[in-house]
Amino acid sequence: MKNKKGLQITGAEAVIRCLLEEGVDLVYGYPGGAIMPIYDEIYKFSDQLYHVLTRHEQGATHAAQGYARTSGRVGVAMATSGPGATNLVTGIADAQIDSTPMVCITGQVASHLLGSDAFQETDIIGISTPVTKWNYQITKASEIPEIMAKAFYIARSGRPGPVLIDITKDAQFELFDFNYKKCSGVRSYQPVPPLQMDQVKQAADAINKAKKPMIIWGQGVILGEAENEFKAFVEKSGIPAAWTILGLSALPTNHPLNVGMVGMHGNYGPNLLTNECDVLIAVGMRFDDRVTGNLSTYAKQAKVIHLEIDPAEISKNVFADYPILGNCKQSLKALISSVNKGVFSDWIALFETHKKTEFDKVIKNDIYPTKEGLTMGEAIASINKYTGGDAVIVTDVGQHQMIACRYAEFIQSKSNVTSGGLGTMGFALPAAIGAKMGAEHRQVVAIIGDGGYQMTIQELGTIFQTKVAVKIVVLNNDYLGMVRQWQQLFFDKRYASTEMTNPDFVTIAKGYQIDAQRVTKREELDQAVKTMIESDKPYFLEVCVEKEDNVFPMIPTGASVSDIRLE
């Protein structure tokens with residue numbers, strides 16, 4: 001595309017035109033000196049590009065992540081040089097490990113000052129290299145169209161991830177002849193490996209011979225837009241399927257073959273039976289240590305089939321007897337036509353037996369408690385009641401995260417937004433802002449602990465300014481609950497630096513003109529949740545829960561999945 005007037009344009013204007021060419025209409029960011037020319041162009045193009053001023057650069061990245069996760073598009077975040085750029089790094093690292101497509105644009109000091117320790121100069125390329133899929137520093141305006149096109153292609157293709165583009169201030173001012181061409185490929189980069197049908201056939205043969213097969217699926221099903229194919233594969237094969245926390249919502253939670261969550265705080269049955277299945281089919285997941293526990297004892301009896309788009313993940317942690325490289329949408333289609341209709345009644349009955357054991361020892365006490373204090377589980381159950389499982393649930397990191405992932409109900413995909421691999425406290429509030437903007441027609445509820453909430457509480461200001469109708473639920477136990485649980489179980493109850501003296505959260509919310517309520521009694525909970533969900537405005541609800549409740553089941557660090565504890 002050439003400039004309509006046939007004139008040269010500045011590098012700063014070129015950045016905005018590149019964004020528009022890529023279909024971007026929403027960016028999150030925070031201005032500053034080194035990126036001011038680009039912000040001047042945002043002002044001029046404000047009728048085509050909506051900029052959300054977050055209250056911290058970290059908030060911009062998490063909001064971009066939330067937007068990407070619910071919309072399926074590339075999230076965009078901007079910041080100035082130095083501290084502005086370094087404040088993006090946590091969100092970039094989070095996006096990298098959770099495979100979230102994001103393009104971050106940072107301003108940089110003028111090219112003649114690079115390496116001189118100029119004011120607000122930081123080597124953001126060097127800093128961000130380990131946590132980006134790709135990064136690049138632009139020092140000439142003429143580089144902008146090609147690099148921006150490449151950035152979006154790399155961010156969204158194959159296994160998605162974050163890309164950072166650093167642009168010197170002189171390149172933003174420099175004039176050049178603008179022409180934009182979308183990127184359709186990068187030399188030596190193969191985003192989707194070709195599907196090998198012989199691998200599919202071998203895997204299908206193993207599945208058809210299996211007596212006790214089990215599926216574990218991850219976020220790859222969602223990123224590959226393979227939900228329909230996955231559901232068809234599960235139903236044709238008749239195989240029980242369990243999920244990682246990032247895979248949650250790809251298959252409805254009430255599906256009869258959905259047997260629950262694997263991992264440290266996952267469900268009893270799928271964890272135990274991982275070490276009893278004869279064929280383990282992993283779809284779009286990476287065998288994270290929180291899923292596998294002790295690798296030396298993990299599924300050693302099983303033949304492992306691994307459907308994966310990233311060759312680096314094959315046999316990285318768990319040896320794959322039958323690796324199937326490619327986008328799982330295509331891989332699953334090929335498998336569906338090759339697998340037989342399976343009936344595994346006795347095998348599935350084992351999952352049901354373990355589910356009853358877990359209900360009697362754990363779930364009943366979480367959801368239907370008899371003690372006086374409120375539990376996190378009953379708060380989630382109340383939210384399910386008034387959302388019908390059709391809300392986007394955004395969680396922070398900690399006990400509330402595990403409880404929400406265990407008990408939240410979902411009927412459609414792209415509904416669970418959480419920080420998985422990095423475990424970033426402070427993620428949920430800004431991510432919920434982005435999630436709501438990425439799915440405006442859906443109810444978005446942020447479930448947050450009192451600790452993580454205060455890490456990015458300033459983003460209430462972003463909600464105040466944008467009026468985005470996010471519902472915020474803080475499950476307040478006056479502790480850094482997950483750390484306290486570990487201290488109780490493994491450090492003889494030495495609660496070092498985990499008890500919190502919290503402020504009046506309701507008053508703070510009202511200071512931002514957000515409707516707010518505090519619940520301390522069971523009889524208040526349902527009505528409060530109903531009021532929150534029915535509101536068409538932002539809403540804050542504090543639920544004061546038991547101070548020393550623990551999350552079970554639990555696999556202790558370094559233990560086998562067979563060592564899962566119910567108490």
Side-chain angles (χ1 to χ4, degrees), residues 93-94 96-100 158-161 193 199 203 206-207 210 212-224 226 230 233-234 239-248 250-251 258-267 269-328 331-332 335 402 405 416 418-423 553-564:
D94 195 289
Q96 173 77 341
I97 200 164
D98 283 354
S99 302
T100 304
R159 181 180 181 174
Q199 296 173 333
I207 292 169
K212 297 189 292 183
M214 176 176 167
I215 297 167
I216 300 177
W217 87 86
Q219 190 186 200
V221 174
I222 298 169
L223 295 174
F230 180 69
F233 171 68
V234 169
I239 299 173
W243 37 269
T244 70
I245 63 168
L246 290 178
L248 176 56
L251 188 71
N258 184 336
V259 293
M261 181 169 75
V262 292
M264 179 172 281
H265 293 288
N267 293 108
N271 273 308
L272 275 181
L273 296 177
T274 298
N275 278 357
E276 294 185 28
C277 66
D278 57 1
V279 173
L280 181 60
I281 307 157
V283 185
M285 54 86 74
R286 59 187 180 86
F287 290 110
D288 175 73
D289 64 293
R290 288 294 172 103
V291 166
T292 65
N294 188 337
L295 279 170
S296 68
T297 62
Y298 183 79
K300 291 302 179 182
Q301 78 296 334
K303 293 293 184 182
V304 175
I305 299 168
H306 194 176
L307 282 66
E308 175 59 49
I309 199 169
D310 185 353
E313 293 296 343
I314 297 293
S315 297
K316 184 180 80 175
N317 295 324
V318 173
F319 177 76
D321 298 277
Y322 305 103
I324 302 178
L325 281 168
N327 185 317
C328 63
S331 306
L332 287 165
L335 267 180
M402 294 296 101
C405 287
N416 174 54
T418 195
S419 173
L422 199 64
M554 181 180 184
I555 302 169
T557 300
S560 167
V561 291
S562 300
D563 297 327
I564 186 168

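Treat the numbers as computed from the prediction; the structure is a model and nothing was measured.
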Residue pair N294 / D563, side-chain heavy-atom distance below 4.5 Å: no
Approximate separation, where rounding is to 0.5 Å, of E276 CD and M214 CE: 10.5 Å
Within-4.5 Å side-chain heavy-atom neighbours: V221 and F233: no
I309: which of S99, P193, C328, P160 passes side chain to side chain contact (heavy atoms under 4.5 Å, CB included): P193
Test applied, side chain to side chain contact (heavy atoms under 4.5 Å, CB included); reference residue, T244; option that passes from R290, Q219, M285: M285
Minimum heavy-atom distance between G247 and W217, given as atom pair plus value: O-NE1, 2.8 Å
Side-chain heavy atoms of L251 within contact of F230, under 4.5 Å: yes
From CG (N317) to CG (D288), nearest 0.5 Å: 8.0 Å
C405 versus N416, closest heavy-atom pair with distance: SG-OD1, 4.1 Å
Sole candidate of L307, N327, I324, V234 that passes side chain to side chain contact (heavy atoms under 4.5 Å, CB included) when paired with L332: L307
Nearest atoms (heavy-atom pairs only) where D98 meets G421: OD1-N, 2.8 Å
Trace of the side chain to side chain contact (heavy atoms under 4.5 Å, CB included) decision for V259 with N267: CA-CA 8 Å; V259 293; N267 293 108; over 6 Å; no
Min side-chain heavy-atom separation V318-L280 under 4.5 Å: no
Minimum side-chain heavy-atom gap T557-M264 below 4.5 Å: yes
Smallest separation among heavy atoms of D310 and L325, with atom names: C-CD2, 4.2 Å
Test item: V561 and Y298 side chains (from C-beta on) under 4.5 Å apart, heavy atoms: yes
Separation between OG1 of T418 and CG of L248, rounded to the nearest 0.5 Å: 9.5 Å
Heavy-atom pair of closest approach, residues D278 and P213: OD1-N, 3.4 Å
Shortest non-hydrogen contact between R286 and I97, atoms and distance: NH2-CG1, 3.7 Å
Geometric class of the H306/F287 ring pair [parallel <30°, tilted 30-60°, perpendicular >60°]: perpendicular
From CA spacing to verdict: side chain to side chain contact (heavy atoms under 4.5 Å, CB included), V279, I239: CA-CA 10 Å; V279 173; I239 299 173; over 6 Å; no
Reference residue S562; test side-chain hydrogen bond (donor to acceptor under 3.5 Å, both in side chains); the match among N271, N275, T297: N275
Distance, nearest 0.5 Å, that separates SG of C277 from CG of L272: 12.0 Å
